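To start, the structure under review is shown below, and the notes come after it.
Residue numbers count from 1 along this sequence. Bear in mind the structure is a predicted one, so any value in this text is a computation, not a measurement.
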Amino acid sequence: MNTTPSARTKGLILVVEDDPALLLMMRYNLEQRGYRVETAADGESALLALETSRPDAAVLDWMLPGLSGLDLCRRIRAHPSMRDLPVLLLTARTDERDAIRGLDTGADDYLVKPCSIDTLDARLRALLRRHQSSYDVLSFADLTMDPETHRVERAGRNLTLGPTEFRLLDLLIRNPRKVFSREDLLKRIWGQNIHVEIRTIDVHIRRLRKAINGPGEIDLVRTVRAAGYALDDVPEGDT
């Protein structure tokens, strides 16, 4: 692990990359943009770095030796004190299925390299803005969500959500009764530059419904024909 000196204003970024030249270039460019940077050349070193200091965001190369970036992301999401850490996957993989796999594992964003430092900086600033927003417990009807601890409850029982379903619920519960089109959900959850089939959103909406709705409970995810989905406590057919 290598830590750059001096405090900067934008936050501390952990960059995990096994290519020494690329790692040096990314560290230099991010420092020039006002970040503090910690570096690690493999997944195990990154885990050690995360145990000693908590960064504001992590940039993980997918193809790391030993513990891959994808596995490292899973470890981060499984750790109670790190599960809300903003994670950006950086990879040479260009297949759409890889992008979906990375985001479903829990990454917040996905960049295909080579990418410009301007793009990386913009994505990091967006991630930091998103995660620096209020961590107040969110609630709707008998559903509560704690963005900091990633705990979701309904009527007092704990719910288990996958990473994508958690992001979907986070968006919906912050905008109760607002109808989001499938296209809008794809852009907000998967990003502008990742091409995902429209039916993918329906799959994750079904998983979200299964996770939050118990026997005899109102389905809180309302389908609005020809429009999209909304978090609503008015049963379908009553509107």
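- Rounding to the nearest 0.5 angstrom, the gap separating the CZ atom in R157 from the CD1 atom in I212 is 9.5 Å.
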### Message
Go through it in stages, so that I can follow the logic: the residues are V87 and R77, the test is side-chain contact (heavy atoms from CB on, under 4.5 Å), and I'd like the CA-CA distance, side-chain angles, deciding distance and then a yes or no.
### Response
CA-CA 10 Å; V87 172; R77 290 296 175 246; 3.7 Å; yes
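- Across V16, L22, D18, a single residue satisfies side chain to side chain contact (heavy atoms under 4.5 Å, CB included) together with D61, and that is D18.
- Between R33 and R125, every side-chain heavy-atom pair lies at or beyond the 4.5 Å cut-off.
- At a threshold of 4.5 Å between side-chain heavy atoms, the hydrophobic network of Ile, Leu, Val, Met, Phe, Trp and Tyr places M63 and L14 in one connected group.
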### Task
Apply side-chain contact (heavy atoms from CB on, under 4.5 Å) to the pair L186 and E183, showing each step before the final yes or no.
CA-CA 5 Å; L186 285 174; E183 293 80 5; 5.6 Å; no
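- Note on ring orientation: taking the six-membered ring where Trp is involved, the planes of F166 and H150 are parallel (angle under 30°, cut-offs 30° and 60°).
- In terms of heavy-atom proximity, P55 sits nearest to L85 at O-CD1, 3.3 Å.
- Hydrophobic cluster membership is shared by L127 and I117, with clusters built from Ile, Leu, Val, Met, Phe, Trp and Tyr side chains linked at under 4.5 angstrom.
- Judged purely by atom type and a 3.5 angstrom limit, N29 uses its side chain to pair as donor or acceptor with the backbone of M25.
- Side-chain contact between L30 and L120: present, with at least one pair of heavy atoms (C-beta onward) separated by less than 4.5 Å.
- Using a 4.5 Å heavy-atom threshold, the side chains of V224 and D232 count as separate.
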### Worked verdict on D71 versus S68 for side chain to side chain donor-acceptor pair (under 3.5 Å)
CA-CA 5 Å; D71 290 332; S68 72; 3.3 Å; yes
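- In plain terms, the two heavy atoms of V37 and L12 that are nearest each other are N-CD1, 4.1 Å.
- Atoms OG and CG, from S45 and L67 in turn, are 10.5 Å apart once rounded to the nearest 0.5 Å.
- By the 4.5 Å heavy-atom criterion applied to side chains, E44 and L47 are counted as neighbours.
- Side-chain contact between R167 and L103 is present, with at least one heavy-atom pair separated by less than 4.5 Å.
- Other residues, nucleotides and ligands place no more than 12 heavy atoms under 6.0 Å from the NZ atom of K210.
- Ion pairing of D202 with R206 is absent here, as no side-chain N (NZ or NE/NH1/NH2) approaches a carboxylate O to less than 4.0 Å.
- Annotation: the span from T160 atom OG1 to R151 atom CZ amounts to 10.0 Å, rounded to 0.5 Å.
- Under the 4.5 Å side-chain criterion, counting only non-hydrogen atoms from C-beta, Y229 is in contact with T223.
- E38 and A49 make their closest contact through OE1-CB, 4.0 Å (heavy atoms, listed as atom of the first residue, atom of the second, distance).
- For R177, the CZ atom counts as densely surrounded, since its 6.0 Å shell holds more than 12 non-hydrogen atoms of other residues, nucleotides or ligands.
- A distance of 8.0 Å separates CG in L159 from OG1 in T144, rounded to the nearest 0.5 Å.
- Closest approach of L72 to A46, counting heavy atoms only: CD2-CB, 3.7 Å.
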### Task
Kindly determine whether R174 and L138 satisfy side-chain contact (heavy atoms from CB on, under 4.5 Å), including the steps that lead there.
CA-CA 7 Å; R174 291 179 189 273; L138 307 169; 3.7 Å; yes
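- Residues L70 and L89 have side chains in contact (heavy-atom distance under 4.5 Å, counting atoms from C-beta outward).
- Using a 4.5 Å heavy-atom cutoff, the side chains of R209 and D219 are in contact.
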### Query
Under the side chain to side chain donor-acceptor pair (under 3.5 Å) criterion, do D56 and Y35 qualify, and how do the steps go?
CA-CA 10 Å; D56 296 295; Y35 298 96; over 6 Å; no
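- V179 and F140 fall into different hydrophobic clusters, where Ile, Leu, Val, Met, Phe, Trp and Tyr side chains are chained together by heavy-atom contacts under 4.5 Å.
- Scanning both residues, R123 and Y110, for their nearest heavy atoms gives NH1-O, 3.2 Å.
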### Task
Run the numbers on D146 and E153 for side-chain contact (heavy atoms from CB on, under 4.5 Å), then give the verdict.
CA-CA 9 Å; D146 187 335; E153 296 183 357; over 6 Å; no
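- Between the CD1 atom of I13 and the OG1 atom of T39 there is a distance of 13.0 Å, given to the nearest 0.5 Å.
- Among I173, L172, L171, the single residue meeting the side chain to side chain contact (heavy atoms under 4.5 Å, CB included) criterion with N175 is L171.
- Separating the CG atom in D170 from the CE atom in M145 is a distance of 4.5 Å, to the nearest 0.5 Å.
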